[in-house]
Colleague: 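Next up is a structure, given as structure tokens.
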Amino acid sequence: MPLTCQSLLQAHPAPWDSATTHPFLAGCQSGTLHPAQFNTWLVQDFLFVKDFTRMVGRVLGAAPDDHIDGLLAGLGALKDELLWFEAKAAERSLNLSTSPQLTCQRYCEFMASLAARPYSVQATALWAIEYAYNQGWQLPGPMPEPYTEFADRWGNPGFTDYVHLLAAQADAALAIASPEVQAQAEAAFLQVADLEANFWQMAFTAAEAAQ
Ligand code: HMH
């Protein structure tokens with residue numbers, strides 16, 4: 001039985017739950033999150049998305065012909081997303097010319113390291129990174145203002161379709177991967193889960209200290 005995105009989720013429910021449910025997201029939903037916590041996330045996630053865009057560019061470079069179209073669409077959406085982050089930061093008078101925190105830096109280093117991995121490992125990590133936000137922002141239920149547009153960005157039906165496409169592409173690549181490479185893909189999935197949990201925690205606590 002080849003590894004699939006679905007089998008990864010079934011094999012590792014606890015790490016995936018930690019990646020996609022966090023007091024940060026619950027706090028957005030209940031209105032108890034402090035603006036400093038949200039703003040920390042916003043700035044750090046902008047820095048993350050810049051490096052994530054570079055990663056998707058590298059995944060595209062390694063992709064088979066029939067995956068190019070979907071990845072190009074993803075890159076087009078990331079162009080809009082970066083501009084949107086800049087607009088959101090400007091509304092909140094946040095300075096985006098700042099350094100990544102250690103947790104953000106570690107995530108970016110992981111994404112850079114994927115370049116040395118086979119395409120199926122890269123495709124699995126890409127799916128996991130996008131699915132984490134697709135689920136995370138939707139699981140708490142409808143988000144009140146000012147968070148509605150943030151939840152919609154990663155929860156909207158078009159983005160959900162894109163995540164399904166990424167899963168299908170990862171599954172296709174995993175189906176022809178060796179057991180050794182499948183084991184690397186599983187490890188990458190677990191790393192993404194861990195890095196996601198840490199990213200929420202970074203925003204949740206770093207800003208608390210700054211109150
Ligand atoms: C930390 N993970 C993080 N930020 C994002 N914007 C995404 C995933 C997008 O899917």
Side-chain angles (χ1 to χ4, degrees), residues 5 8-9 15-25 28 33 37-60 70-71 73-89 94 96 98-114 122-140 143 147 149-167 169-170 188-207:
C5 294
L8 285 170
L9 294 167
W16 195 249
D17 183 63
S18 304
T20 54
T21 58
H22 192 276
F24 183 99
L25 291 161
C28 289
L33 198 77
Q37 291 172 300
F38 191 75
N39 292 345
T40 297
W41 169 80
L42 187 59
V43 171
Q44 293 296 316
D45 210 52
F46 169 74
L47 300 176
F48 169 88
V49 172
K50 260 200 302 184
D51 260 31
F52 176 62
T53 302
R54 294 186 170 101
M55 175 196 140
V56 179
R58 290 187 297 264
V59 177
L60 176 68
L71 294 171
L75 280 167
L78 284 167
K79 173 182 160 71
D80 288 345
E81 187 164 307
L82 287 167
L83 294 170
W84 174 80
F85 265 104
E86 285 171 352
K88 294 301 112 188
L94 301 174
L96 290 175
T98 179
S99 307
Q101 292 190 25
L102 191 59
T103 299
C104 181
Q105 217 173 299
R106 291 220 171 101
Y107 208 152
C108 292
E109 281 162 13
F110 166 74
M111 292 192 288
S113 76
L114 286 169
Q122 298 187 36
T124 302
L126 173 57
W127 159 75
I129 292 170
E130 295 290 39
Y131 189 48
Y133 264 37
N134 180 239
Q135 276 214 307
W137 282 101
Q138 285 190 85
L139 286 174
M143 285 284 185
Y147 306 119
E149 67 177 302
F150 292 86
D152 286 350
R153 169 152 293 272
W154 290 285
N156 76 73
F159 189 78
T160 302
D161 286 347
Y162 173 61
V163 174
H164 286 143
L165 175 71
L166 293 178
Q169 293 188 168
F189 170 80
L190 289 170
Q191 274 174 292
V192 168
D194 196 45
L195 291 161
E196 286 291 331
N198 291 345
F199 205 92
W200 292 125
Q201 190 61 20
M202 166 194 69
F204 196 71
T205 57

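Whatever order the structure lists them in is the order used to number ligands and atoms, beginning at 1. Sequential numbering from 1 along the given sequence is applied to the chain's residues.
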Colleague: Can you find a heavy atom in the side chain of Val163 that is under 4.5 Å from one in the side chain of Tyr133?
Modeller: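 Counting from C-beta outward, Val163 and Tyr133 never come under 4.5 Å.
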Colleague: Tell me the closest heavy-atom pair linking Phe159 and Trp154, and the distance in Å.
Modeller: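 What the structure gives for the nearest pair is CD2-O, 3.2 Å.
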Colleague: Inspect the surroundings of CZ in Arg106 and state if more than 12 heavy atoms from other residues, nucleotides or ligands are less than 6.0 Å away.
Modeller: no
Colleague: Tell me whether Tyr133 has any N or O atom under 3.5 angstrom from an N or O of ligand 1.
Modeller: yes
Colleague: Enumerate the atoms of ligand 1 whose separation from the nearest heavy atom of Ile129 is less than 4.0 angstrom.
Modeller: 8 (C), 10 (O)
Colleague: Quick one: look at Asp45 and ligand 1, take heavy-atom pairs under 4.0 Å, and tell me if it's side chain, backbone, both or neither.
Modeller: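 Answer for Asp45: side chain.
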Colleague: Under 4.0 Å from a heavy atom of Trp154: give me the atoms of ligand 1 that qualify, with their elements.
Modeller: 6 (N), 9 (C)
Colleague: For Thr160 and Gly155, which heavy atoms make the closest approach, and how far apart are they?
Modeller: OG1-O, 3.6 Å
Colleague: Over 60° means perpendicular and under 30° means parallel, so tell me whether Phe24 and Phe204 are parallel, tilted or perpendicular.
Modeller: perpendicular
Colleague: Taking distance alone, with no angle check, do Phe48 and ligand 1 share an N/O pair under 3.5 Å?
Modeller: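 No - when backbone and side-chain N and O of Phe48 are compared with those of ligand 1, no distance drops under 3.5 Å.
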Colleague: Applying a heavy-atom cut-off of 4.0 Å, say which part of Val49 lies close to ligand 1: side chain, backbone, both or neither.
Modeller: side chain
Colleague: Is there any N or O on Glu130 that sits under 3.5 Å from an N or O of ligand 1?
Modeller: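 Yes; at least one N/O pair falls below 3.5 Å.
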Colleague: Distance under 4.0 Å to a non-hydrogen atom of Glu196: what atoms of ligand 1 satisfy this?
Modeller: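 With Glu196 as reference, the close atoms of ligand 1 come out as 1 (C), 2 (N), 3 (C), 8 (C).
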Colleague: Strictly under 6.0 Å, is that where the ring centroids of Trp16 and Phe189 end up?
Modeller: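 Between Trp16 and Phe189, the centre distance is under 6.0 Å.
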